[in-house]
Structure formats: C-alpha cells, structure tokens
Undergrad: 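I am attaching a structure below and will ask some questions about it afterwards.
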Amino acid sequence: MAASPSGALGALDPTSDRAVFRQIADQIREAIDRGRFKEGDKLPSEAELVEHYGVSRMTVRNSLAILQTEGLVVSEHGRGVFVRPRPPVRRLASDRFARRHREQGKSAFIVEAEAAGSKSEVDSLEVGEERPSQDIAARLGSPRRVLVRRRRYLLDGRPVEFATSYLPLDLARNTPIAQPNPGPGGIYARLEELGHRLDHFDEEIKARMPTPQEVRTLRLASGVPVIHLVRTAYDTEGRAVEVCDTVMAADAYVLSYRLPAT
C-alpha cells in the first residue's frame, strides 16, 4: 500500500526559482533518504501527487523520471512506482578470494550470497576455446588460444552479474576447469590443485552505463549503471593464470575495501 503524500511530503515553495518538477523530485528523494518511504514501498500514485501538489500529471511524471534516472525508484507497469531496494551484496575485496573459502569448497560468489542471506545460482553457462582479443592476450602473456568460461550469476532469481573467464589452454585444456561444473571451490581451487598456487589478484574497476545487450542480460531498470571489473589472477611464479571480465548491476553491490595504513 502506498504511503500518504500528506504524511511524507511537504509543500512547494512558490518563491523558489527551482523548477516545480525538480522541487517535487527533491522532496521525494529526501523522504526516501529519511526513511519515510522505505525500500520496496510504493510511492503515492501520479493522481495522488497531482492532487497533493496541485500540478499537472506531466509535471509529476517529469519528477519521477528524475528519480528513476538516479536509480532511486523503479516503475512497474500496471503497479506503480516503488523505492528500489538497496544493494544486497557486500563485496569485500580483502576477503572474497581467501584460500579458506576454496578449502571449504565455496566460490567467492557463494560466500557473498550466503553473507547477504540470498540464494545463489549460475545460469547461461558456456565453455569453449577461442582466440583471445588483443587486450586479453596481452594480460595472459600472448597465448594463441584460450579456454573461455561465460556465466551469469543470480541472487534470489535476479541476474546481478555476467562474468567471462579466460585461461591459457596449456593450463586448462583436459582438466576439470574445462567442464561446465569445475567442482567445489571453482576454477581457482582447480588451478591450485594443478600446482598453480595463487599469489595475488589485480583488479581494474570502472563505472559506466550499460550496453543494450547488458541491459537485457542483467534485466536492468532504466537509469541503472554497471560496474565493469577486469581481474587478473597470478600464481606464485608471477604467471597470469586467468583474466575475468565481469559486468555487475551497480544497484546490486557495495564494493568494500580494507586498505593497510602504511
């Protein structure tokens, strides 16, 4: 049930030089920030906002469009406009690839899903061999061909990220890594079993708007950006043993880092 606008929203300031539709967006945004509209709450309907503010329906729609672009609300056809849930997954960079997780037979995604109290799934899995792009080849030491693993990750049935791993063929061909299910602990556990003890990971992260294909793959709402992360895994000999190119729905994650004070 939608909250009453009179109990959560104030009045317009007729002396302000700020456009009316922006004032309305400001008030709804503040009501969300202060918890008057909580995650998952339905906002007052367009008709209720029109009556509350004494403005046209188009003015209200322009206000809601601002909030959708900011990723604060989502419109569901035939149901209304709802406050978007906050990111459920905390991605702790200093812990997610800890060896103890692999020894327990858990991949990083499973560990994070359990911490969030969510059910994890993997679908759209593809495994094959191909020629790497120039960028991937440079990161892996210029192999002519690589093993590629593409998969989509879901939390509670919702797609949240799509990842593609590239591994040198001389490491991965004819091993469990080339199987759809590489086994407990994922491909990093298998790499270590094959003698490539992992030493460190380098990650490059950027935020951007999604491509049309990414919108479809991750079922992104309007205005939601993605986090594009490229990770290179190195063994103790300094060899790059995997590159993982990951695109994540930005509204599904909090990226958390613990840095040494040196």
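Quick note: residue numbers are just sequence positions, from 1. Heavy-atom basis, side chains included; hydrogens, waters and symmetry copies ignored.
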Undergrad: Measure from the side-chain N and O atoms of His196 to the backbone N and O of Thr236, and report whether any donor-acceptor pair falls under 3.5 Å.
TA: no
Undergrad: Side chains of Tyr53 and Gln23: closer than 4.5 Å at any heavy-atom pair?
TA: no
Undergrad: Is there a donor in the side chain of Asp135 and an acceptor in the side chain of Ser133, or the other way round, less than 3.5 Å apart?
TA: no
Undergrad: Hydrophobic clusters here meaning ILVMFWY residues chained together by side-chain heavy-atom distances under 4.5 Å, can you tell me if Ile227 and Val160 are in one?
TA: yes
Undergrad: Glu51 side chain to Glu48 main-chain N or O, any donor-acceptor pair under 3.5 Å?
TA: no
Undergrad: A quick test of your reading: do over 12 heavy atoms of other residues, nucleotides or ligands sit less than 6.0 Å from CZ of Arg208?
TA: yes
Undergrad: Is any side-chain heavy atom of Arg84 closer than 4.5 Å to a side-chain heavy atom of Glu39?
TA: no
Undergrad: Identify the heavy atoms of Ala172 and Thr175 that sit nearest to each other, and give their distance.
TA: O-OG1, 2.7 Å
Undergrad: Strictly below 4.0 Å, N to O, side chains only: are Arg149 and Glu126 in salt-bridge contact?
TA: no
Undergrad: Which pair of heavy atoms, one from Leu218 and one from Ala249, lies closest together, and at what distance?
TA: CD1-N, 4.0 Å
Undergrad: Are Val127 and Val146 connected into the same hydrophobic cluster when the rule is that any two of I, L, V, M, F, W, Y join if their side-chain heavy atoms are below 4.5 Å apart?
TA: no
Undergrad: Might you confirm whether atom CD of Gln134 has over 12 heavy atoms from other residues, nucleotides or ligands at distances under 6.0 Å?
TA: no
Undergrad: Give me the one residue out of Leu64, Val83, Val81, Ile66 that meets side-chain contact (heavy atoms from CB on, under 4.5 Å) with Ile28.
TA: Leu64
Undergrad: State plainly whether one hydrophobic cluster holds both Val73 and Val50, where clusters connect Ile, Leu, Val, Met, Phe, Trp and Tyr through side-chain heavy atoms under 4.5 angstrom apart.
TA: yes
Undergrad: Rounded to the nearest 0.5 Å, what separation is found between the CD1 atom of Ile32 and the CG atom of Asp41?
TA: 9.5 Å
Undergrad: Which atom pair, heavy atoms only, marks the closest approach of Ala163 to Tyr153?
TA: CB-CE1, 3.8 Å
Undergrad: What do the steps show when you test Arg219 against Glu214 for salt bridge (Lys or Arg N to Asp or Glu O under 4.0 Å), and what is the final call?
TA: CA-CA 8 Å; Arg219 301 177 195 165; Glu214 289 165 349; over 6 Å; no
Undergrad: Test your reading of the model: is there a side-chain donor-acceptor pair from Thr69 to the backbone of Ala65, 3.5 Å cut-off?
TA: yes
Undergrad: Quick check: closest heavy atoms across Gly10 and Gln27, and the distance to 0.1 Å?
TA: N-OE1, 2.9 Å
Undergrad: Between the side chains of Asp251 and Arg158, is the shortest nitrogen-to-carboxylate-oxygen separation below 4.0 Å, so that they form an ion pair?
TA: yes
Undergrad: In Å, rounded to the nearest 0.5 Å, how long is the span from CG of Leu171 to CG of Leu191?
TA: 6.5 Å
Undergrad: With distance as the sole criterion, is a donor-acceptor pair present between the side chains of Ser165 and Glu242 under 3.5 Å?
TA: yes
Undergrad: Taking Glu129 for the side chain and Leu169 for the main chain, is one N or O donor matched with an acceptor at less than 3.5 Å?
TA: no
Undergrad: Is Arg29 salt-bridged to Asp26, cutoff N-O under 4.0 Å?
TA: yes
Undergrad: Minimum heavy-atom separation for Leu9 and Phe37, please, with both atom names.
TA: CD2-CE1, 4.0 Å
Undergrad: If only side-chain N and O atoms count, and only distance matters, is there a donor-acceptor pair under 3.5 Å linking Glu130 with Tyr166?
TA: no
Undergrad: Is the closest side-chain donor-acceptor distance between Tyr188 and Arg190 under 3.5 Å?
TA: no
Undergrad: If only atom types and distance count, is the side chain of Asp33 paired as donor or acceptor with the main-chain N or O of Glu30 below 3.5 Å?
TA: no
Undergrad: Flag the pair Thr59 / Leu49 as yes when at least one side-chain heavy-atom distance between them is below 4.5 Å, and no otherwise.
TA: no
Undergrad: Would a 4.5 Å heavy-atom cut-off, applied to side chains only, mark Val122 and Arg152 as touching?
TA: no
Undergrad: Does any N or O in the side chain of Arg150 come within less than 3.5 Å of the main-chain N or O of Phe162, such that one atom is a donor and the other an acceptor?
TA: no
Undergrad: For Met209 versus Val224, what's the shortest heavy-atom pair and its separation?
TA: CE-O, 4.0 Å
Undergrad: Spell out, as yes or no, whether a donor-acceptor pair under 3.5 Å connects the side chain of Ser16 to the backbone of Asp13.
TA: no
Undergrad: For Glu203 and Leu229, indicate whether the former's side chain and the latter's backbone hold a donor-acceptor pair under 3.5 Å.
TA: no
Undergrad: Who are the salt bridge (charged side-chain N to carboxylate O under 4.0 Å, His left out) partners of Asp235, not counting sequence neighbours?
TA: none
Undergrad: Determine yes or no for a side-chain-to-main-chain donor-acceptor pair under 3.5 angstrom, with Asp202 supplying the side chain and Thr232 the backbone.
TA: no
Undergrad: Hydrophobic clusters here meaning ILVMFWY residues chained together by side-chain heavy-atom distances under 4.5 Å, can you tell me if Leu154 and Leu220 are in one?
TA: no
Undergrad: Is Thr246 close to Thr164 at the side-chain level, that is, under 4.5 Å between some pair of heavy atoms?
TA: no
Undergrad: Under a 3.5 Å threshold, yes or no: a donor from one side chain and an acceptor from the other, between Glu161 and Tyr253?
TA: yes
Undergrad: Does a side-chain heavy-atom distance below 4.5 Å link Leu255 with Met248?
TA: yes
Undergrad: Just wondering, more than 12 heavy atoms not from Arg173 lying within 6.0 Å of its CZ?
TA: no
Undergrad: Find out if a path of hydrophobic residues (ILVMFWY) with successive side-chain heavy-atom gaps under 4.5 Å connects Leu167 to Leu140.
TA: no
Undergrad: Strictly below 4.0 Å, N to O, side chains only: are Lys206 and Asp245 in salt-bridge contact?
TA: no
